[in-house]
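Keep in mind the model is a prediction, meaning the values are calculated, not measured. Whatever order the structure lists ligands and atoms in, that order sets their numbers, starting from 1.
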Amino acid sequence: MTAPRYPLEGVVSWNMNTTCNYRCSYCTQRFVDDRKQWARDLPRFVAALAALPGDWEVKLSGGEPFRHPDFLGAVEGLVAGGLRVSVVTNLSASDEALAAFAAITAPRPGVLSASLHLEYAEPRAFRDKLAAFRDRHAGSTHATCVATRELLPRLPALKALFAEAGLDLRVQPEKQDREVVAYSPAERTALVALGGHNGTGQVDPDLSGRPCWAGARYLIVDHRGEVYRCYPARRRRQERLGNLLDGALDLRPGPTPCPYAYCNCTVPQQRGMVDIAGAPSASRDR
Ligand code: SF4
Ligand code: SF4
């Protein structure tokens with residue numbers, strides 16, 4: 001299989017904190033021992049991210065990144081360092097904080113991905129808040145929602161509600177013990193009809209053996225600066241590429257074959273860093 005072309009813009013997913021103001025029942029981080037941790041020494045993080053070779057987008061996530069005690073300061077520093085800044089948020093931040101994020105990132109806007117959590121947010125109010133943000137954001141804006149088995153039948157109507165305001169609501173398969181839950185064949189069909197995981201058309205693709213730029217042009221960085229090739233690598237504590245703050249990253253020189261049976265990293269899939277065409281489902285063997 002031929003490797004995809006060099007991705008001009010790399011992407012770092014920076015999990016900058018474990019802090020969150022919600023406690024969603026399906027949260028994959030709900031068993032994290034300390035949910036009050038955040039990246040300290042922001043100037044060193046920002047300097048290290050700005051020093052990565054080539055052009056990069058930094059995708060901020062958590063926890064809830066807007067709960068980081070100096071979230072907007074971090075965004076300012078990253079933008080000043082020439083980086084595109086995106087964010088994954090539960091949209092509970094104030095309108096003022098959201099407007100500040102839009103203004104700071106305007107010179108090189110990224111993506112705001114807003115997760116709708118129905119245990120905490122009312123869909124219409126959430127949609128309207130997101131639409132108001134979208135109208136002042138120069139980048140792209142969309143919503144996501146975890147497709148629990150209970151929620152799945154409601155998702156087509158919810159998707160239509162967001163579409164009324166010109167917003168895309170993308171679905172994320174529910175995970176338990178870090179694997180996609182045992183959806184029935186009919187539920188899988190429904191998930192694909194809703195666009196698959198984050199609009200990729202796939203639910204839980206097995207991309208093992210395919211050349212992938214993760215580790216070279218896609219990285220996961222946690223709140224302590226630990227760097228891994230991608231989420232499955234971090235989960236297994238393998239393909240660790242160093243620590244961002246000690247200045248000795250061992251980035252891959254180019255694409256290498258994926259060793260994982262289940263890829264839940266939609267960024268490399270959507271940015272053409274790995275070919276997902278015709279991928280089998282990872283759950284076929286489970
Ligand atoms: S908002 Fe996100 S990080 Fe916070 S509890 Fe819910 S799923 Fe977890
Ligand atoms: S799991 Fe996904 S992101 Fe990681 S190496 Fe495989 S294809 Fe690439």
Asks: Would you tell me whether Ser61 and Asn15 have side-chain atoms, one donor and one acceptor, within less than 3.5 Å of each other?
Replies: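 Short answer, yes.
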Asks: Under a 3.5 Å cutoff, is there a donor and acceptor pairing between the side chains of His197 and Thr266?
Replies: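 Short answer, no.
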Asks: When you look for heavy atoms under 4.0 Å from ligand 2, do you find them on the side chain of Arg229, its backbone, both, or neither?
Replies: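 It is the side chain that touches ligand 2; the backbone stays farther off.
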Asks: Can you check which of Gln172, His117, Glu119, Glu64 brings a heavy atom nearest to atom 2 (Fe) of ligand 1?
Replies: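 Looking at heavy atoms only, the winner is His117.
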Asks: Relative to the heavy atoms of Ala214, which atoms of ligand 2 are at a distance of less than 4.0 Å?
Replies: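 Contacts of ligand 2 toward Ala214, numbered from 1: 3 (S), 8 (Fe).
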Asks: Can you pull out the closest protein heavy atom to atom 8 (Fe) of ligand 2? Residue, atom name and distance to 0.1 Å, please.
Replies: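 For this ligand atom, the closest protein heavy atom is Cys212 SG, 2.4 Å.
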Asks: Quick check on contacts: which atoms of ligand 1 are under 4.0 angstrom from a heavy atom of Asn90?
Replies: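 Listed by number with element, the hits are 1 (S).
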Asks: Given Pro255, Ala282, Cys265, Pro232, which has its nearest heavy atom closest to atom 1 (S) of ligand 2?
Replies: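 Going through Pro255, Ala282, Cys265, Pro232 one by one, Pro232 has the nearest heavy atom to atom 1 (S) of ligand 2.
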Asks: Under a 4.0 angstrom heavy-atom cut-off, which atoms of ligand 2 come close to Leu207?
Replies: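 The atoms of ligand 2 under 4.0 Å from a heavy atom of Leu207 are 7 (S).
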Asks: Check whether the side chains of Asn198 and Thr200 place a donor and an acceptor atom closer than 3.5 Å, and report yes or no.
Replies: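 Their side chains do not contain a donor-acceptor pair, so the 3.5 Å distance test is not met.
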Asks: Is the charged tip of Arg5 near the ring of Trp213: under 6.0 Å from the six-membered ring centre and within 45° of its axis?
Replies: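 Cation-pi check for Arg5 and Trp213: fails.
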Asks: Under 4.0 Å from any heavy atom of Cys20, which atoms of ligand 1 are there?
Replies: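 By the 4.0 Å cutoff, the relevant atoms are 1 (S), 3 (S), 4 (Fe), 5 (S).
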Asks: So, Glu64 and Thr89: side-chain donor and acceptor under 3.5 Å apart, yes or no?
Replies: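 Indeed, the side chains of Glu64 and Thr89 share at least one donor-acceptor pair under 3.5 Å.
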Asks: Below 4.0 Å, non-hydrogen atoms only: which portion of Cys24 touches ligand 1? Side chain, backbone, both or neither.
Replies: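 For Cys24, the contact with ligand 1 is made by both the backbone and the side chain.
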Asks: I'd like to check which ligand 2 atoms, numbered from 1 as shown, lie under 4.0 Å from a non-hydrogen atom of Pro268.
Replies: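 Taking each heavy atom of Pro268 in turn, ligand 2 has 3 (S) under 4.0 Å.
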Asks: Please check if the number of heavy atoms outside Arg136 that lie under 6.0 Å from its CZ is greater than 12.
Replies: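 No, not enclosed.
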Asks: For atom 4 (Fe) of ligand 2, does an N/O/S atom of Cys263 lie at less than 2.8 Å?
Replies: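 It does not; every qualifying atom lies at 2.8 Å or beyond.
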Asks: Less than 4.0 angstrom from a charged side-chain N to a carboxylate O is my criterion; do Arg188 and Asp204 meet it?
Replies: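 Yes, this pair counts.
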Asks: For atom 4 (Fe) of ligand 2, what is the nearest protein heavy atom, given as residue, atom name and distance?
Replies: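 Atom 4 (Fe) of ligand 2 sits closest to the protein heavy atom Cys230 SG, 2.4 Å.
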Asks: Let me see the working for Ser208 and Tyr262 under side-chain hydrogen bond (donor to acceptor under 3.5 Å, both in side chains), right down to the final yes or no.
Replies: CA-CA 8 Å; Ser208 54; Tyr262 161 41; over 6 Å; no
Asks: Ignoring hydrogens and angles, state whether a donor on the side chain of Ser140 or Arg134 is under 3.5 Å from an acceptor on the partner side chain.
Replies: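 Their side chains do not contain a donor-acceptor pair, so the 3.5 Å distance test is not met.
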Asks: Quick one: look up the protein heavy atom nearest atom 6 (Fe) of ligand 2 and list residue, atom name and how far away it is.
Replies: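 Of the protein heavy atoms, Cys258 SG, 2.3 Å lies nearest.
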